[in-house]
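As structure tokens, the structure follows; a few thoughts come after it.
Throughout, protein chains are lettered first and strands after them, A, B, ... in sequence-line order, and every chain is numbered starting at 1. Both backbone and side-chain heavy atoms feed into the values below; hydrogens, waters and symmetry mates do not.
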Amino acid sequence: MSRALSQKGSWTNALFVAPYLFVYLCLLIYPLIAGMGLSLFKADLFGGGSFVGFENFARLFRDEVFLQSVANTFYFVALTVPPLTVLPLLLALLLNRTTRVAAFFRGVFFSSSVLSVTIVTLVWRMILMSEGGLASNITALFGADAIAFLSDPKIVMISMAIITVWWCLGLPMMLYLSALQQVPKDIYEAAELDNASWWRTLWSITLPSVSRTIILVAIFECVLQFQLFGQPQLITQGGPNGASRPIVLFIFEIGFRRWDVGYAAAASQILFAIILIATLVQYFVTRKRGVQ
Amino acid sequence: MCRPQNSIVTVLAAIACLALAACQPKSDVTEVTVQRIFGECRANVPQGQAPIKNPDGECEVVTHLLDEFQKANPDIRLKVNIAPWPGYDQLSAQFASGDPPDIATMHMSAMPDFASRGLIEPLDGGFKEVGLDVDNFTPAARNGVTIDGQVYGMPFDNWTQLWHVNMNLFAKAGLVRDGQPILPHNPEELLAQARQFKAKTGLPYLLQPTDNERAAFTRNMFTYLLDQKAVFFSDPKTIRLNTPEARRIVNLFKQIYAEGLMAPGQDYPAAMAAFLNGEGGICLVGTWMIGTFEAEANTEGRPLYHGYAVKPYPMLFGTEQAAYVDGHAWVMPKRDRTPAERAAVLKLMKFLQAHDYDWARTGHLPTQKDVAQSAQYLSLPHRNDIVALASTGKTLPAGVERQFAIQDIVGDEMASAIRGHKSVDQALSDAEHRVNDLLFHVLSRQDR
């Protein structure tokens, strides 16, 4: 009797997650599978089309613009994920105290994160424009030529990375602060009694205590930065010479400008696979190193 | 203090009133959904009033025109959606969900995409019904809205890129004769005059957006290909860009850029600001900026004060005036609609045709012959200088689909070549390959 009740109870518990599960299946899993199916068709925005198997994928690997966008995306992730993992940690360590100054700077560093990409790009456009931008005015004060932040193919992705790091620092910093505040105070007191140096405390107590958050931030930022879109779309349209075109912008151009949605869906599957692999590799590598 | 019985009576009475209202005969008002671009400016155009600010602005004129139509036709209710430029993401989503508007603005260059898919209606029959005279369309306008011999839209305007000239700086550079700017007739003259301008003023001869911009380069390319009478679309599925004619154009602009005769590193707002601030001789931008520049020319103390002229692109390779033009049109998306709704849409189109002059005040080229020839239009500033383009301007061949995407690709590659990131040959070859690949993969009619 009690067994039957417990079984009934476990079945009805599913009802609590059912609404979420329903929305999740409809808005995420179904489009994901539909996208996989679509990538095997030659189709436009309004449907139709014919089954072409893996031809869209074969086209992608012959498409120099796509290959360049993949390289650009990896470059951008390499430029942004390390600073977005380390800098917020340093800021959190500096601001993890109960003074008013620390509270003020926590607000300052988080404030950029609440801005929309449109505002962020408008602000940075005014800074980075080589004609009349703030940066060029500063270099002119020293008699130097303006740096072509947005029109030099070698520099443009670095500019995108600077903008992104400035914009995205806030959230990981808050995650680190939250993790730091959960480290028991008595461990630090014990270290103090043992005369442990600041460095020793950091290395042996703080970092191991927040290691899970470091992994979380690294994976989160990796997933996020692979999806770079708004900044190059609004500031450079992927130029100059395609040097700031990431995969998502490529997908947008193909899907919405060219209406070649089967091809765009194939590129989306590749982006999905890249993010999945990068995340899993990161996760397993850090686990193997004994981070628990 | 409120007595509960009274409250219940009040609520019941309200419900009864609502029920009675629902039983009333259906309203005679026909609702029509209008979807347009050109922005939101209700603050400048109070309902029922003429614009109180910027009366010749695109947004103000179109808002006022729709208000006027509404006022004159109380039996029609316009429900206006304002879509962000260029409006096709929203429109495509509406088509995909089976709920497009009744009437929408559309670029002539985008019409083949929607017409070939059967998403917009041919209007020859409807225009005949309401007496909308298609023979009054200017050649450029008629050409722009005609696909496979059928008219798919009511042309609202044609626009093209022009040479906007700072006459004060031109005078300083010794490039004014009889009150007119001295413009080049061939590439050598262009380079010589640009060098002379730079030597005398210390400023770049040309201002054109080079960063975050693709369309401007493409328009230069298409206009100067037409100037050379080059057939770059032998059929709607194939572009030819790796040609001596295209090389001539790109090499010329590359040299201009390399010699510092064109301002580097400017995006669209920066290039416009530079021209308004007197930081360059010629601004290559569209008809829509005439009003803004003219206002500056009438403002004492501004660099353009009493010193602004605007001309069609000077022909550098041939002698016959040519120009690549595009335009805006009003189209009727295909959907189920009542005869009354259809009649209301056609009535609105006829109204807009009759107000072509009002829209032409924005700087755009008129689409109606009678307006283009009228003293009223020609007395507007600079219109005498550009009105010929309403006849001579050419759109791309009507069957060419995905023109926006083509514009992006050509502009992208031209920018790479002009700024020296790629060789000219490589850029033209890549542009040709990318465009043809795009057109090859457009769904054929049997696949749709």
Open item on the list: For a side chain to side chain contact (heavy atoms under 4.5 Å, CB included) check, start with the C-alpha distance between A:Arg59 and B:Asp437, then their side-chain angles and the critical distance, and finish with the verdict.
Closed with: CA-CA 10 Å; A:Arg59 263 177 81 194; B:Asp437 181 65; 3.7 Å; yes
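- In this structure, the side chain of A:Asn241 does not engage the main chain of B:Ser416 through any donor-acceptor pair within 3.5 Å.
- Here the closest non-hydrogen pair linking B:Asn212 and A:Gln233 is OD1-O, 4.3 Å.
- Heavy atoms of B:Ala415 lying under 4.5 Å from chain A are absent altogether.
- Heavy-atom minimum distance, A:Arg125 versus B:Ala270: NH2-N, 3.7 Å.
- Neither the backbone nor the side chain of B:Glu279 comes within less than 4.5 Å of any heavy atom in chain A.
- With respect to A:Arg245 and B:Asp412, a salt bridge is recorded, a charged nitrogen being found less than 4.0 Å from a carboxylate O.
- Judged by distance alone, the side chain of A:Arg257 and the main-chain N or O of B:Ala405 form no donor-acceptor pair under 3.5 Å.
- The greatest number of non-hydrogen atom pairs below 4.5 Å with chain B, out of A:Gly239, A:Gly262, A:Pro240, is found for A:Pro240.
- A cation-pi arrangement is present between A:Lys42 and B:Phe440, with the terminal nitrogen or guanidinium carbon under 6.0 Å from the aromatic centre and inside a 45° cone about the axis.
- Using a cutoff of 4.0 Å between basic side-chain nitrogens and carboxylate oxygens, A:Glu253 and B:Arg214 are scored as salt-bridged.
- In this structure, chain B has a heavy atom under 4.5 Å from the backbone of A:Leu234, while its side chain stays farther away.
- Contacts of A:Ala43 with chain B are made by backbone atoms alone, with heavy-atom separations under 4.5 Å and no side-chain atom involved.
- The candidate with the highest count of non-hydrogen atom pairs below 4.5 Å against chain A, out of B:Asp211, B:Asp89, B:Asp267, B:Leu119, is B:Asp267.
- At most 12 non-hydrogen atoms from other residues, nucleotides or ligands lie less than 6.0 angstrom from CD of A:Glu64.
- A ring-centre distance under 6.0 Å is found for A:Trp259 and B:Phe114.
- Listed here is the closest heavy atom pair of A:Ser151 and B:Gly265: OG-CA, 4.4 Å.
- Rounded to the nearest 0.5 angstrom, B:Arg419 CZ and A:Asp152 CG are separated by 9.5 Å.
- When the candidates B:His433, B:Glu413, B:Gln266 are compared by the number of heavy-atom contacts under 4.5 Å with chain A, B:Gln266 comes out ahead.
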TODO: Check the pair A:Asp44, B:Arg402 against side chain to side chain contact (heavy atoms under 4.5 Å, CB included), reporting the backbone distance first and the verdict last.
DONE: CA-CA 12 Å; A:Asp44 72 14; B:Arg402 308 294 186 274; 4.2 Å; yes
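- Contacts between A:Arg62 and chain B at a heavy-atom distance below 4.5 Å are absent for every atom of the residue.
- For A:Phe41, no part sits under 4.5 Å from any heavy atom of chain B, backbone or side chain.
- Residue B:Phe233 qualifies as enclosed at atom CZ: its count of foreign heavy atoms under 6.0 Å is above 12.
- Only the side chain of B:Asp408 comes within less than 4.5 Å of a heavy atom of chain A; its backbone N, CA, C and O stay farther away.
- Enclosure of atom CZ in A:Phe51 by more than 12 non-hydrogen atoms of other residues, nucleotides or ligands within 6.0 angstrom is indicated.
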